[in-house]
Amino acid sequence: MTVRPFTTKDYARRMERAVSQAAGAGLTGVLVTPGPDLVHFTGYRPTAITERITLLVLDADHDPHLIVPVLERPDAAAAPGAAAVTITDWADGSDPYAAAARLLDPRGRYALSDSAWALHLLALQEALPESRYTSMTATLPMLRAVKDADEVDRLAAAGAAADAAYEQIVRVRFAGRTETDIGTELAGLLREHGHSQVDFTVVGSGPNGANPHHEMGDRVIAEGDMVVLDFGGLKDGYGSDTTRTVHVGPPTEQERTVFEIVRQAQQAAFEAVQPGVACQDIDRAARKVIEDAGYGEYFIHRTGHGIGLTTHEPPYMVAGERQPLVPGMCFSIEPGIYLPGRFGVRIEDIVTVTENSGRRLNNTSHELRIVE
Ligand code: ZN
Ligand code: ZN
Ligand code: ZN
């Protein structure tokens, strides 16, 4: 499946949306530095993010302005959204912050990319001592969290590719091979299915599965092991992230029981998805199933995270997050139970919020898969 490239119009629309959302939040504008925010608004991905400032200024008083180091101007001008911005350059030896300050309101309040370097923020504050800055995700949480239809299509395609990789990896022999060996093969399959980048391949076998941060290692997988497989990366610029837990040979009664609790928790959280429901209630729905079954203390992380240009971004499905779900949001639902020294189980799908419910972007079976 080929995706429709984003056009200048798409980028212009995103920048307009940022300006109007900023005004709605009582802000003067939005300041964007290199990273996923800049990719979102302009498609521009500088080859390296350095101490030389690149800054996109979005406000109601100007057309979008992109301030770039003069040596990077050709790259910036070649970005797919470049036609929608005015590019201003600065040369080594000149003061880029003074150039930026001329575009900014000296008493303005700006939302700034979360990933902006402190170096740049401090210099802007020094150039305009009465200006104020807030975190973009804290003040404008909807900006990247709500995906348009083309973005959802890309996430669905990334999910389908990850699913296809999973269907192949469960057909290989696990017993007698190391976690790293399986993980390397899985990464290759993700690339075969169109991923340009593989960000993680967790292969947590036996007791290693009880550590959600375990990636993979030299442990040789054996008959009787539960194996947590959590993998993802980027395809056409958008992320995949899915987890399935498989078992080598026949599982014990307790392994089946724990697996079934996680499966029900994942299903309960998925069924809770609809516009208007608070993120924390998705977490609660999964957690309640696990707590009621007596395993609450073994579910040691939040239920999910947003996904888009990056594999971890707002919104977060976590206690205390009151943000209501909005159609177009895309996030993981990934409850787990981790029994130290023994095994872990996690099931993770990416889900998108539709007009009245949720839609899974991962669709491989939730049954406990027995591998060799
Ligand atoms: Zn077992
Ligand atoms: Zn994951
Ligand atoms: Zn995840």
Side-chain angles (χ1 to χ4, degrees), residues 145 155 158-159 161-163 165-166 169 174-175 179 183 186-187 190 195 197-216 219-235 238-260 262 265-266 269-270 279 282-283 286 299-318 329-339 341-352 360-362 364 366 368-372:
L155 286 162
D163 288 353
Y166 172 74
I169 201 71
F174 278 54
E179 295 173 345
L186 183 52
L190 285 168
H195 279 62
Q197 183 179 319
V198 176
D199 291 323
F200 50 93
T201 48
V202 171
V203 181
S205 68
N208 289 341
N211 171 8
H213 276 163
H214 175 80
E215 277 235 329
M216 52 193 179
R219 187 177 183 279
V220 176
I221 301 168
E223 173 91 15
D225 283 349
M226 279 282 206
V227 185
V228 177
L229 302 169
D230 183 354
F231 47 98
L234 295 182
K235 181 179 184 296
Y238 281 75
S240 69
D241 183 5
T242 183
T243 308
R244 291 293 182 264
T245 303
V246 302
H247 194 271
V248 187
T252 64
E253 202 52 45
Q254 196 204 13
E255 285 169 333
R256 276 203 182 281
T257 302
V258 169
F259 184 90
E260 180 59 17
V262 173
Q266 211 280 347
F270 173 69
C279 291
I282 302 305
D283 180 75
F299 178 17
I300 53 179
H301 55 71
R302 66 190 174 206
T303 292
H305 54 81
I307 186 167
L309 293 166
T310 63
T311 44
H312 278 196
E313 59 186 45
Y316 296 104
M317 306 300 121
V318 63
M329 280 182 172
C330 298
F331 53 86
S332 69
I333 295 180
E334 50 177 305
I337 292 178
Y338 308 95
L339 302 178
R342 300 178 58 203
F343 66 93
V345 175
R346 181 166 65 258
I347 300 175
E348 172 179 28
D349 290 328
I350 302 303
V351 167
T352 186
R360 293 185 202 274
L361 303 184
N362 293 106
T364 57
H366 284 190
L368 178 55
R369 180 86 183 216
I370 310 301
V371 298
E372 287 188 359

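These numbers come from a predicted model, not from an experiment. As a basis for the values below, the full set of heavy atoms in this structure was taken, side chains included, without hydrogen atoms, waters or symmetry mates. Counting starts at 1 for both ligands and their atoms, following the listed order.
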Show your reasoning for whether side chain to side chain contact (heavy atoms under 4.5 Å, CB included) applies to Arg244 and Ile347. CA-CA 5 Å; Arg244 291 293 182 264; Ile347 300 175; 3.8 Å; yes
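- When distances to the Zn ion (ligand 1) are checked against a cut-off of 2.8 Å, Pro251 contributes no N, O or S atom below that limit.
- Looking at Glu348, its N, O or S atom nearest to the Zn ion (ligand 3) turns out to be OE2.
- Checked against the Zn ion (ligand 1), the N, O or S atom of His247 at the shortest distance is NE2.
- Using a 30° and 60° split on the angle between ring planes, Tyr166 and Phe231 fall in the parallel class, below 30°.
- Atom OE2 is the N, O or S atom of Glu334 at the shortest distance from the Zn ion (ligand 3).
- For a distance bound of 2.8 Å, the N, O or S atoms of His312 include none lying that close to the Zn ion (ligand 3).
- Other residues, nucleotides and ligands place no more than 12 heavy atoms under 6.0 Å from the CD atom of Glu372.
- Taking backbone and side-chain atoms together, Asp230 has no N/O/S atom less than 2.8 Å away from the Zn ion (ligand 3).
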List the steps and the verdict of side chain to side chain contact (heavy atoms under 4.5 Å, CB included) for Gln266 and Arg360. CA-CA 11 Å; Gln266 211 280 347; Arg360 293 185 202 274; 2.8 Å; yes
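- The atom of Asp241 nearest to the Zn ion (ligand 2) is OD1, with the search restricted to N, O or S atoms.
- Its N, O or S atom nearest to the Zn ion (ligand 1) is what matters here, and for Glu255 that atom is OE2.
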Using the side chain to side chain contact (heavy atoms under 4.5 Å, CB included) rule, take Arg302 and Met317 through it: C-alpha gap first, then chi angles, then the decisive distance, then the call. CA-CA 6 Å; Arg302 66 190 174 206; Met317 306 300 121; 5.9 Å; no
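- Across every non-hydrogen atom of Ile282 and Thr303, the tightest pair is O-CG2, 4.3 Å.
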